[in-house]
Amino acid sequence: MAPALPAQSDIAQTRSPLRRGEMSDQYRHENDHLHRIRHSAAHVMAQAVLEKFPEGKVAIGPAIETGFYYDFDLPRPLTPEDLEEIEARMREIITEGYDFVYQEVDEEEARHIFSDQPYKLELIEDILAGGLDEHGQPPEGKPTLSIYRHGPFVDLCRGPHVANTREINPDAVKLLSVAGAYWRGDEQRPMLQRIYGTAWETAQELEQFLAWREEVEKRDHRRLVRELDLLSFHEEGGPGLAYWHPKGGRIRQVIEDFWRARHREGGYEIVFTPHIGKAELWQQSGHLDFYRESMYAPMDVEGMEYFLKPMNCPFHILMYKTRLRSYRELPMRWAELGTVYRYERSGVLHGLMRVRGFTQDDAHIFCTPQQIEGEVLRVLRFSLDILRAFGFSEFQIYLSTMPKKHVGEPAQWEQAQESLRKAIEAEGLPYEVDEGGGAFYGPKIDIHIKDALGRTWQLTTIQFDFNLPERFDLAYVGEDGKEHRPYMVHRALLGSLERFFGILVEHYGGAFPVWLAPVQAVLIPIADRHVEYAYDVAERLRAAGLRVEVNDSGERMQAKIRDAQMEKIPYMLVVGDREAEAGQVNLRRRDGEKPGAMSVDDFTRLAQEAVEERRLL
RNA sequence: GCCACCCUAGCUCAAUCGGCAGAGCAACCGCUUCGUAAGCGGUCGGUUGUCGGUUCAAGUCCGACGGGUGGCUCCA
């Protein structure tokens, strides 16, 4: 992948979507009134905070997808008790019923009003200087300074707000947390205290939101991977490095086997490359110039510097260059489950979602300009097909186009972008265009999936690269006998296996569909005299390709069922006198359904069918 | 990395103001042989993350380090 590869880095590592605010539609839709309520609640909160800390300085406090926040510079750190106090005071202010009053002010007034608020003064400067809007464009016309007052509180603010604090439902407001945040997000600037809160129209909506948050917590992969004995992290081994236990390993094997099989069918060749490479290679690829801060320190090998690989692309390129390539060999699609290591700052590590070592399901497609359109459509269909197999059915697609700073010819970009656009449209999928949002080396498509909790995650990325083929002087001999530059496309479908696994765990809440479940069925002998029969059945089921265990502990059947439920094993097969006699198993499913007694063959068929169809149960 | 908070048995958590480190679950050993989400009894389990400091006395107070959690422009 090209230097400074933000996108692949993104897919592999994109963080919790909660803040990205892509929850479910009910929360997501722009609701003007709700937005006003939240923004107004932020002002009310600021008032309450300033009453408590009159010397406090206020920064900014917008409404966000799930509520609002406000940043403060305060004389001491806030405690949970402070939050309770502030929240209680907010309710009082709300019921006191102040009108929100809009007023435009000139520069002098504004400076006077906020004379002891340095952050506001800085904002005034910026606005007057024609501060850039969110698109980086200067606003049209003369900048206007406006303020909003409610009761004793005044804030530099564009609005809009509700008419009166009473429009905020005091029973639907809650402060959630306090966190550090740099002034204007800049690490060079002061660290402020940010209070996050949420506000809704009704107490019931607040309840629903809080229940949703609880559900998110229950499904937290960091908890589930430990409880289900799938994976661990080790203080002694270093943060951000995952250890796959046998049960996690089984799931990963299923994922990888499926991935390999599909790739073979999809016309890919599977390759393997080393974990380290000489500085020279990373110099030529440009990584040392543009990506070094994400790479680990070099190791000295017989006087030569070697680096742990943060990406696989330079290695694939070396293989491409082992001989002269003919147009007849193209397209070449090379895929690798390549384990890469990237330095991530300690503060951003997060379970499996953001780690320091991970395996990318990477591939590089080398093709002619004439083939590009077909290749893009092919890879897009391929990706969606695989994502659907894992149980995701809702997608959002983003097309990112040429930024101002770029390499390659605009005509190439145009062709590449058109091929991406046509592919999306051919699939009849809705998409958004991020104009100028591509990497400097090429345009891309990203696919985001929506999980069971309505959160979205970026998984797939399909990116053109006009940079590396130049840097490595890639060529193929065309029909005309002359050398041409091939097109190169990077793509990762699942992103990182670690992160994808974390997403799967949360999507299914640990209750994997049968084809992925580490243990698909557990035999539960009722008494010791049934253990032998249980093992016989288990043997038959294993021979049929199922992952089966026998619970031969001295526990009672009830306890064994409970254990199986806790482990979220899809099928529990109770065997007692009746079953042993009739050569049957008595099926209880994870969801509590009890299909009852059936022959071992019938159960085998049922389970195999669930596996083939990738059903939950 | 930075800010705040957290770290007690494998897990979830107790331990008043600084005064003898505890419980449930798990594990192990027995007994029980049972029909759809926990049978009964016993045993084991700890340098309270690490190192240092204050104190007659530290799980508790202070500092450093390690690890984790929530955040670090959704833009007046």
Side-chain angles (χ1 to χ4, degrees), chain A residues 15-16 18-22 35 38-39 42 58-69 71 76-80 110 114 117 119-120 122-127 131-134 143-148 155-159 176-196 220 222-223 226-227 229 232-240 293 343-351 524-531 554-566 572-579 586-590 592-594 596-597:
Chain A
R15 272 262 251 160
S16 152
L18 229 168
R19 293 186 306 284
R20 292 269 79 100
E22 295 161 322
H35 193 269
R38 288 170 173 174
H39 194 177
V58 295
I60 58 169
I64 56 175
E65 303 280 340
T66 59
F68 58 90
Y69 69 78
D71 289 345
R76 66 167 173 84
L78 291 165
T79 64
F114 298 105
Q117 289 291 346
Y119 301 103
K120 294 297 182 190
E122 187 180 323
L123 292 170
I124 290 168
E125 291 290 334
D126 283 6
I127 295 162
L132 304 178
D133 66 15
E134 57 268 39
T144 314
L145 290 170
S146 63
I147 59 170
Y148 263 91
D155 200 356
L156 183 71
C157 181
R158 183 167 50 195
L176 301 172
S177 62
V178 53
Y182 296 103
W183 168 232
R184 311 207 114 179
D186 182 345
E187 321 186 355
Q188 307 304 321
R189 317 220 43 191
M191 176 68 74
L192 307 173
Q193 295 192 66
R194 171 172 298 178
I195 303 178
Y196 280 97
D220 191 322
R222 292 167 299 183
R223 170 214 296 259
R226 188 188 62 233
E227 288 177 354
D229 192 18
S232 58
F233 288 90
H234 298 275
E235 187 171 341
E236 309 89 311
E293 70 283 1
Y343 168 70
E344 297 282 353
R345 300 199 293 179
S346 56
V348 307
L349 298 174
H350 181 87
I524 298 180
I526 290 179
D528 286 347
R529 63 178 179 278
H530 309 122
V531 168
E555 293 292 344
R556 295 168 66 211
M557 178 203 64
Q558 275 87 343
K560 293 177 183 177
I561 284 173
R562 180 167 187 275
D563 288 346
Q565 289 286 157
M566 303 287 276
M572 285 153 261
L573 303 174
V574 176
V575 291
D577 289 333
R578 297 200 291 267
E579 289 74 20
N586 199 306
L587 173 63
R588 174 200 165 99
R589 309 198 315 185
R590 174 176 65 197
E593 291 291 309
K594 298 184 208 45

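Chain letters run A, B, ... following the sequence lines, proteins first and then strands; every chain starts at 1. Fair warning: this is a prediction, and the values are worked out from it, not measured in the lab.
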Considering only [options], which nucleotide approaches the side chain of [X] most closely?
{"X": "A/Arg158", "options": "B/A76, B/U33, B/G1", "answer": "B/A76"}
{"X": "A/Val348", "options": "B/U33, B/C72, B/G39", "answer": "B/C72"}
{"X": "A/Ser346", "options": "B/G1, B/C34, B/U33", "answer": "B/G1"}
{"X": "A/Met191", "options": "B/G1, B/A76, B/C3", "answer": "B/C3"}
{"X": "A/Ala559", "options": "B/G67, B/C2, B/G39", "answer": "B/G39"}
{"X": "A/Ile60", "options": "B/C74, B/U36, B/A76", "answer": "B/A76"}

With a non-hydrogen cut-off below 4.0 angstrom, is [X] in contact with a base, only sugar-phosphate, or nothing?
{"X": "A/Arg345", "value": "base"}
{"X": "A/Gly554", "value": "base"}
{"X": "A/Arg578", "value": "base"}
{"X": "A/Ala179", "value": "base"}
{"X": "A/Leu145", "value": "base"}
{"X": "A/Asn586", "value": "base"}
{"X": "A/Glu122", "value": "nothing"}
{"X": "A/Lys560", "value": "nothing"}
{"X": "A/Gln558", "value": "sugar-phosphate"}
{"X": "A/Leu156", "value": "base"}
{"X": "A/Ser146", "value": "base"}

Between [N] and [X], is there an OP1 or OP2 to side-chain N/O distance shorter than 4.0 Å?
{"X": "A/Arg562", "N": "B/U36", "answer": "no"}
{"X": "A/Arg222", "N": "B/G70", "answer": "yes"}
{"X": "A/Arg529", "N": "B/U33", "answer": "no"}
{"X": "A/Arg226", "N": "B/C11", "answer": "no"}
{"X": "A/Arg588", "N": "B/A37", "answer": "yes"}
{"X": "A/His39", "N": "B/A76", "answer": "no"}
{"X": "A/Tyr69", "N": "B/G70", "answer": "no"}

Starting from [atom2] on [N], measure out to [atom1] on [X] and report it in whole angstrom.
{"X": "A/Glu235", "N": "B/C51", "atom1": "CD", "atom2": "P", "value": "13 Å"}
{"X": "A/Arg184", "N": "B/C72", "atom1": "CZ", "atom2": "P", "value": "16 Å"}
{"X": "A/Tyr196", "N": "B/G71", "atom1": "OH", "atom2": "P", "value": "7 Å"}
{"X": "A/Ile195", "N": "B/C3", "atom1": "CD1", "atom2": "P", "value": "19 Å"}
{"X": "A/Asp563", "N": "B/G39", "atom1": "CG", "atom2": "P", "value": "9 Å"}
{"X": "A/Glu236", "N": "B/G67", "atom1": "CD", "atom2": "P", "value": "11 Å"}
{"X": "A/Ile561", "N": "B/G39", "atom1": "CD1", "atom2": "P", "value": "11 Å"}
{"X": "A/Glu227", "N": "B/G10", "atom1": "CD", "atom2": "C1'", "value": "13 Å"}

| query | Could a donor-acceptor pair under 3.5 angstrom be found where the side chain of A/Glu579 meets the base of B/G35? | reply |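 Check passes, donor-acceptor contact within cut-off.
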| task | Would you mind telling me which residue lines up with the more 5' stretch of RNA chain B, A/Lys594 or A/Asp220, judged by nearest nucleotide? | result |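 Nearest nucleotide further toward 5': that of A/Lys594.
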| said: As a quick check of understanding, evaluate salt bridge (charged side-chain N to carboxylate O under 4.0 Å, His left out) for A/Arg222 and A/Asp220, giving each step before the final call. | reply: CA-CA 5 Å; A/Arg222 292 167 299 183; A/Asp220 191 322; 2.4 Å; yes
